[in-house]
Amino acid sequence: GVGMDAVQIRYHLTSIYDHSVYEAFSRVVQRLIPQLPTLENLLNVLVSTCSMEKAYLFDVVSKLYISTDSGPVETQSVELCSDMIDVVLDVSGIYGLGPSHASIQ
């Protein structure tokens, strides 16, 4: 059997009153993606090429960030991006996707 010394346990302090649960689930999902270093490298190239401050790759439905560039993660910017995703989804729900995207629905 596997001894407890071989098992690496990670935990994240979360709350339902802020975005910490999204941060924790994002970290869990990132650990499951074998291509994460490639995604991080591509985001580094994007940040460098476009003179961006920071880049995140989000899953829109779950609002989890799948990857980010190698710069430090700022919780406030993740929360802002998550809130902006909500706004875009709300507005697109009200006004629709338009006639050019009618076949998607």
Side-chain angles (χ1 to χ4, degrees):
V2 177
M4 288 303 290
D5 295 338
V7 177
Q8 188 178 33
I9 298 174
R10 295 176 187 248
Y11 57 92
H12 304 277
L13 181 62
T14 62
S15 170
I16 60 170
Y17 299 107
D18 60 19
H19 288 268
S20 60
V21 72
Y22 292 110
E23 175 73 24
F25 276 116
S26 292
R27 302 272 176 164
V28 169
V29 168
Q30 290 168 13
R31 304 266 310 153
L32 299 173
I33 299 175
Q35 300 84 2
L36 190 63
T38 302
L39 290 172
E40 183 178 304
N41 186 43
L42 290 170
L43 290 172
N44 285 333
V45 170
L46 177 68
V47 166
S48 175
T49 304
C50 298
S51 300
M52 299 169 79
E53 190 174 316
K54 186 76 180 158
Y56 295 97
L57 178 63
F58 271 87
D59 174 60
V60 174
V61 174
S62 66
K63 293 186 292 183
L64 300 179
Y65 73 92
I66 306 304
S67 184
T68 182
D69 64 298
S70 60
V73 174
E74 298 173 4
T75 305
Q76 290 177 332
S77 66
V78 173
E79 290 176 9
L80 179 63
C81 291
S82 179
D83 290 343
M84 290 298 107
I85 290 171
D86 278 338
V87 169
V88 168
L89 291 176
D90 289 346
V91 169
S92 65
I94 294 169
Y95 295 104
L97 296 173
S100 64
H101 295 91
S103 62
I104 294 173
Q105 300 175 3

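All values below come from the heavy atoms of this structure, side chains included, with hydrogens, waters and symmetry mates left out.
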Handout entry: Ser20 to Ser15 - nearest heavy-atom pair and separation
Key =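 It is OG-N, 2.8 Å.
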
Handout entry: side chain to side chain contact (heavy atoms under 4.5 Å, CB included) assessment of Ile16 paired with Val21
Key = CA-CA 7 Å; Ile16 60 170; Val21 72; over 6 Å; no

Indicate if [X] and [Y] have the same hydrophobic cluster label, given that clusters are the connected sets of ILVMFWY residues with side-chain heavy-atom separations under 4.5 angstrom.
{"X": "Val29", "Y": "Leu13", "result": "no"}
{"X": "Leu57", "Y": "Ile33", "result": "yes"}
{"X": "Val78", "Y": "Val47", "result": "no"}
{"X": "Val87", "Y": "Tyr95", "result": "yes"}

Handout entry: Expected output: side-chain Ser48 to main-chain Val45 donor-acceptor under 3.5 Å
Key =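 No; judged by distance alone, with no hydrogens or angles, the pair does not exist.
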
Handout entry: Ser26 side chain vs Tyr22 backbone, donor-acceptor pair below 3.5 Å
Key =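 It does hold such a pair.
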
[Y] and [X], any side-chain heavy atoms less than 4.5 Å apart:
{"X": "Tyr65", "Y": "Val73", "result": "yes"}
{"X": "Leu80", "Y": "Gln76", "result": "no"}
{"X": "Leu36", "Y": "Ser67", "result": "yes"}
{"X": "Leu46", "Y": "Met52", "result": "yes"}
{"X": "Phe58", "Y": "Ile85", "result": "yes"}

Practice task
Please round to the nearest 0.5 Å and tell me the distance separating atom CD of Glu40 and atom CD of Gln35.
Solution key: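 Glu40 atom CD to Gln35 atom CD measures 13.5 Å (nearest 0.5 Å).
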
Exercise for the section: First locate atom CD1 of Ile66, then atom CG of Leu64, and finally report the distance between them rounded to the nearest 0.5 Å. Expected result: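 One gets 6.0 Å once the value is rounded to the nearest 0.5 Å.
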
Practice task
Verify whether one side chain among Asp59 and Ser62 offers a donor that lies under 3.5 Å from an acceptor in the other.
Solution key: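 Short answer, yes.
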
Practice task
Assess whether atom CD1 of Ile94 is packed by more than 12 heavy atoms of other residues, nucleotides or ligands within 6.0 Å.
Solution key: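 Yes, CD1 of Ile94 has more than 12 neighbouring heavy atoms, counting only those of other groups under 6.0 Å.
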
Problem - More than 12 heavy atoms from other groups under 6.0 Å of OH on Tyr56 - result: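 Yes, enclosed.
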
Handout entry: Under the salt bridge (charged side-chain N to carboxylate O under 4.0 Å, His left out) test, residues paired with Glu23 that sit two or more places apart
Key =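 Here the qualifying residues are Arg27.
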
Problem - Selection residues 64-89 - residue pairs positive for salt bridge (Lys or Arg N to Asp or Glu O under 4.0 Å), sequence neighbours left out - result: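 As it turns out, the salt bridge (Lys or Arg N to Asp or Glu O under 4.0 Å) pairs with a partner in residues 64-89, which skip direct neighbours, are Lys54-Asp69, Lys63-Asp86.
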
